[in-house]
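I have placed the structure first, in the form of structure tokens, so that the comments after it can refer back to it.
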Amino acid sequence: MQQLNMDNAQNSVDSTFYDRFAGIIFQYLLQQVSNEQDAEDLLLEVFVAALQDKSLTNLPAGRQLAWLKSVARYKVIDRYRHGALLNLLSIEQALELEDTALTPEQYTEQKENYERLYQSIAQLKPLQQELINLRYRNGLRFFEIAAILEKPEGTVRQLFGRTLRQLRANYDQLERGNSNE
């Protein structure tokens with residue numbers, strides 16, 4: 001019971017302390033920050049710090065106010081330091097950073113497209129499959145492919161063009177076959 005009375009007495013002291021200085025500190029904070037919500041947040045931080053400092057209640061009112069203003073000043077400085085670390089983006093920059101992850105539908109469609117592509121490649125002749133692998137998987141140029149296949153570069157280019165046309169035909173046929181189902 002005695003503990004309850006002591007807690008009530010402490011709350012009463014804290015309440016009058018807040019009532020006495022909150023308006024003054026709030027006005028100071030409003031002058032220092034850009035909006036009322038930031039000032040309210042900082043006011044809360046100042047009084048939380050005041051509640052944690054037990055020696056503050058033993059000081060005269062003038063020294064208490066000076067202490068609170070000092071803490072408020074440091075809280076404002078901390079707020080601006082923290083704000084300086086944040087990079088604010090324009091709307092255009094934020095849109096550029098938009099999430100580009102595929103939706104489940106897009107992922108499924110992409111997977112189906114890849115499956116059709118692999119099936120189309122599997123229908124090609126072995127030499128054509130090797131050409132596709134050398135060009136796209138290995139990233140080789142035509143003169144490098146020609147050296148590997150021991151054929152003239154012009155011949156490799158023509159063969160590659162025919163291979164791509166055949167691949168497109170195979171792919172389109174598979175796509176039409178899947179859409180008819």
Side-chain angles (χ1 to χ4, degrees), residues 1-121 132-141 144 167-168 171 174-175 178-179 181:
M1 183 69 169
Q2 188 176 4
Q3 178 65 30
L4 184 60
N5 288 337
M6 289 180 66
D7 287 344
N8 286 339
Q10 182 64 36
N11 286 339
S12 175
V13 169
D14 293 342
S15 176
T16 46
F17 180 73
Y18 180 84
D19 292 339
R20 187 179 326 150
F21 297 116
I24 298 168
I25 301 299
F26 184 69
Q27 288 304 316
Y28 169 77
L29 291 170
L30 269 177
Q31 294 171 357
Q32 303 300 317
V33 295
S34 59
N35 63 50
E36 195 170 319
Q37 288 82 15
D38 286 344
E40 289 172 357
D41 291 345
L42 289 171
L43 181 67
L44 177 66
E45 291 177 26
V46 168
F47 278 94
V48 166
L51 289 174
Q52 292 173 347
D53 189 334
K54 300 297 180 193
S55 66
L56 187 61
T57 55
N58 299 331
L59 297 175
R63 301 259 327 261
Q64 289 176 340
L65 181 59
W67 187 92
L68 289 170
K69 280 189 175 180
S70 173
V71 170
R73 180 174 170 268
Y74 287 118
K75 295 291 183 183
V76 168
I77 291 170
D78 286 346
R79 174 67 55 106
Y80 281 118
R81 281 183 186 152
H82 178 71
L85 296 176
L86 296 176
N87 291 328
L88 298 178
L89 299 175
S90 67
I91 292 175
E92 292 80 18
Q93 290 171 322
L95 289 174
E96 288 175 9
L97 297 176
E98 185 179 330
D99 185 17
T100 58
L102 297 176
T103 64
E105 294 84 11
Q106 291 170 328
Y107 176 77
T108 302
E109 186 177 338
Q110 184 183 51
K111 186 177 175 187
E112 290 171 357
N113 289 339
Y114 283 147
E115 287 174 7
R116 274 195 296 274
L117 179 61
Y118 293 136
Q119 290 172 357
S120 299
I121 291 172
I132 295 290
N133 284 333
L134 290 172
R135 180 71 175 152
Y136 292 114
R137 279 201 179 152
N138 298 344
L140 298 179
R141 296 180 171 173
E144 295 169 317
L167 181 60
R168 170 52 74 186
Y171 185 87
L174 285 173
E175 192 172 37
N178 287 345
S179 65
E181 293 176 1

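Keep in mind the model is a prediction, meaning the values are calculated, not measured.
Within 6.0 Å of atom CD in E109, 12 or fewer heavy atoms from other residues, nucleotides or ligands are found, so the atom counts as exposed in its surroundings. Around atom CZ of R168, no more than 12 heavy atoms belonging to other residues, nucleotides or ligands sit under 6.0 Å away.
When all heavy atoms of V33 and A39 are compared, the pair lying nearest together is CG2-N, 3.6 Å. The heavy-atom pair separating A50 from L56 by the smallest distance is CB-CD2, 3.7 Å. Closest non-hydrogen pair, N58 versus K54, comes out as ND2-O, 4.5 Å. Of all heavy-atom pairs between A61 and F21, the closest is O-CZ, 3.6 Å. Minimum heavy-atom separation, D53 to W67: OD2-CZ2, 3.4 Å. Residues K75 and V46 share a closest heavy-atom pair of CG-CG2, 4.0 Å.
Looking at Y18 and L43, their side chains come closer than 4.5 Å, going by heavy atoms from C-beta outward. The shortest distance between side-chain heavy atoms of L140 and R135 does not fall below 4.5 Å. When side chains are defined from C-beta on, Q119 does not count as touching Y171, because their heavy atoms never get closer than 4.5 Å. Counting heavy atoms from C-beta outward, L65 and I25 have side chains that approach closer than 4.5 Å. Taking the side chain as every heavy atom from C-beta outward, R116 and E112 approach each other to under 4.5 Å. Side-chain contact between L68 and Y28: absent, with no pair of heavy atoms (C-beta onward) separated by less than 4.5 Å.
For the atom pair CD of E175 and CG of L117, the computed distance is 11.5 Å after rounding to the nearest 0.5 Å. N138 CG to I132 CD1: the interatomic distance, rounded to the nearest 0.5 Å, is 12.0 Å.
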*With side-chain contact (heavy atoms from CB on, under 4.5 Å) as the test, would you mind laying out the steps for L29 and D38 before giving the verdict?*
CA-CA 8 Å; L29 291 170; D38 286 344; over 6 Å; no
_For a side-chain contact (heavy atoms from CB on, under 4.5 Å) check, start with the C-alpha distance between L42 and E45, then their side-chain angles and the critical distance, and finish with the verdict._
CA-CA 5 Å; L42 289 171; E45 291 177 26; 4.0 Å; yes
*For Q32 and R79, run side-chain contact (heavy atoms from CB on, under 4.5 Å): C-alpha distance rounded to whole Å, both residues' side-chain angles, the deciding distance at 0.1 Å, then the answer.*
CA-CA 10 Å; Q32 303 300 317; R79 174 67 55 106; over 6 Å; no
*Residue pair I24, K69: steps toward the side-chain contact (heavy atoms from CB on, under 4.5 Å) verdict*: CA-CA 9 Å; I24 298 168; K69 280 189 175 180; 4.1 Å; yes
